[in-house]
Amino acid sequence: MADPQAVTPGPARTDARRRHDPTVRGFASDNYAGVHPEILAALALANGGHQVAYGEDVYTEHLQRVMHSHFGPTAEAFPVFNGTGANVTALQALTDRWGAVICAESAHINVDEGGAPERMAGLKLLTVPTPDGKLTPELIDRQAFGWDDEHRAMPQAVSITQNTEVGTVYTVDEIRAIVEHAHGLGMKVHLDGARIANAAASLDVPMRAFTNAVGVDVLSFGGTKNGMLAGECVVVLNPDAVSHMKHLRKMSMQLASKMRFVSVQFEALLAKDLWLRNARHSNAMAQRLAEGVRAVDGVEILHPVQANAVFARLPHHVTRRLQERFRFYFWNEAAGDVRWMCSFDTTEDDVDAFVLALKEEMAHA
């Protein structure tokens, strides 16, 4: 006899209403974009029925094989909720309680994570100013000292971002040189790959070329900025460099109970070429934007446009008026610097409309 209390799945219905205009797009952040239709389809396929919780599901198991195809047979993926959680968990795995991490002064872990690496992980960030967002062995040496000094936090890891916070991309050789230098000093290397797909598309190389192939120990793999709904991943590339990742993920409040819905997104993104298609498109839109901006008198592009970001300087009052027409942010308001981000769903018409608006506001000024 059927249980009268049992819930029988029926036709999908919702009382929710669309509360935004889906034709409106801006240049504030690739986090503003929606979810790629292929990701949404994968989530629907993973829905229904029961799967074991906390990562013991078939989707998370299959994700390991997908990651092996990109990062080699020793790679192990630990899905987490967000990028800050990925970085905090990864850096804890590389350091002791007295440890420190060397990073660029502009690094996301230093300026955009609310002090989480230091407050939550209990480590010290040792920062270095960088003109283009990129560390070098020589810059690392400014903070790589004092291992036996009990009065100073011990440098135990180097963290780099690919691509960087100012849109520049490390070459394979640049990362190899950093890894060899750091390892030679007894330190480990973490790569914050919030936009790793954009970097690989820009360099036209596999992601492994500048990660496990050159000796990076741990990777924070980003998917949300490249079409996913939610979730990132800590990928352990060198199992000898870390220990107790499962426990650290739980202690860092990053263990998803219904992990299959994070893992299946990565499968949809990485099993074929969706990650690369999305990244190539957003990069191409940034190049189109940069070309249009260069033709506008009085606007200066600040950094090489190598991924999906354009950094520029323009008059403050022009920015304020332009922000009434398109969403974007100041990068350094005092200097008049702004950041324009392109996404997997940015269109050529979006870019052209923005460039036209910029020309109009500059002419008005």
Side-chain angles (χ1 to χ4, degrees), residues 22 25-43 46 59 63 66-67 69-71 75 77-87 90 108 112 160-170 191-211 216 219-235 256 261-289 305-310 339-347 350-351:
R25 283 180 287 268
F27 295 87
S29 172
D30 35 13
N31 285 322
Y32 276 42
V35 184
H36 193 281
E38 293 180 36
I39 301 291
L40 285 175
L43 284 165
Y59 295 94
L63 175 61
V66 173
M67 286 296 184
S69 70
H70 286 279
F71 301 108
F78 296 85
V80 296
F81 289 116
N82 54 47
T84 297
N87 288 336
H108 197 274
D112 283 305
I160 59 175
T161 311
Q162 176 76 319
N163 46 271
T164 74
E165 285 73 19
V166 296
T168 52
V169 175
Y170 285 95
L191 190 145
D192 180 350
R195 297 183 176 93
I196 185 174
N198 296 93
S202 177
L203 294 171
D204 196 24
V205 299
M207 292 181 286
R208 71 175 69 89
F210 55 83
T211 53
V216 171
L219 164 68
S220 295
F221 192 104
T224 307
K225 292 177 172 63
N226 199 28
M228 281 177 42
L229 169 65
E232 312 288 280
C233 207
V234 177
V235 185
F261 297 107
V262 180
S263 298
V264 75
Q265 294 179 77
F266 278 108
E267 179 182 347
L269 192 70
L270 294 171
K272 293 185 179 178
D273 68 344
L274 179 59
W275 67 276
L276 188 56
R277 281 188 278 130
N278 286 352
R280 281 176 173 167
H281 177 80
S282 56
N283 286 2
M285 292 302 97
Q287 288 295 333
R288 185 182 185 92
L289 177 58
V305 180
Q306 298 175 336
N308 64 322
V310 178
R339 185 189 75 166
W340 298 318
M341 297 297 304
C342 295
S343 309
F344 78 88
D345 63 349
T346 302
T347 68
D350 294 333
V351 172

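All of these numbers come straight from a predicted model, not from anything done at the bench. In what follows, every heavy atom counts, from backbone to side chain, and hydrogens, waters and symmetry copies are set aside.
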R208 side chain to S69 backbone, donor-acceptor under 3.5 Å = yes
Does a side-chain heavy-atom distance below 4.5 Å link D192 with Q162?
-> no
Would you say M207 and L219 make side-chain contact, with heavy atoms under 4.5 Å?
-> no
Tell me, please, which residues at least two apart from D273 pass salt bridge (Lys or Arg N to Asp or Glu O under 4.0 Å).
-> R277
Going through the checks in order, is the side-chain hydrogen bond (donor to acceptor under 3.5 Å, both in side chains) test met by S220 and N87?
-> CA-CA 6 Å; S220 295; N87 288 336; 2.8 Å; yes
Any side-chain heavy-atom pair of K225 and N31 under 4.5 Å | yes
Considering non-hydrogen atoms only, spot the tightest contact between N283 and A307 and give its length.
-> OD1-C, 3.1 Å
Check whether any side-chain heavy atom of V235 sits under 4.5 Å from a side-chain heavy atom of T211, and report yes or no.
-> no
Do N308 side-chain atoms and A286 backbone N/O form a donor-acceptor pair below 3.5 Å?
-> no
Side chains of N163 and Q306: does their closest heavy-atom pair fall under 4.5 Å?
-> no
Say whether, by atom type as modelled, one donor and one acceptor occur between the side chain of Q265 and the main chain of L43 under 3.5 angstrom.
-> no
Counterpart residues, salt bridge (Lys or Arg N to Asp or Glu O under 4.0 Å), relative to R280 (two or more places apart) | D204
Sort out for me which residue in N226, T346, N198, D345 forms a side-chain hydrogen bond (donor to acceptor under 3.5 Å, both in side chains) with S282.
-> N198
Nearest heavy-atom approach of C233 to M67 is SG-CE, 4.1 Å
Kindly say whether D350 contributes a backbone atom to a donor-acceptor pair with the side chain of T347 at under 3.5 angstrom?
-> yes
Closest heavy-atom pair and its distance - A309, G167 = CB-CA, 4.4 Å
Would you indicate whether the side-chain heavy atoms of R339 and S29 approach each other to under 4.5 Å?
-> yes
Would a 4.5 Å heavy-atom cut-off, applied to side chains only, mark V262 and L63 as touching?
-> no
V310 and F27, any side-chain heavy atoms less than 4.5 Å apart | no
Parallel, tilted or perpendicular, as decided by the 30° and 60° cut-offs, for the rings of W275 and H70 = perpendicular
No-hydrogen, no-angle side-chain donor-acceptor test under 3.5 Å, N82 and T224 | no
For R288, the salt bridge (Lys or Arg N to Asp or Glu O under 4.0 Å) test, sequence neighbours excluded, returns E348, D352
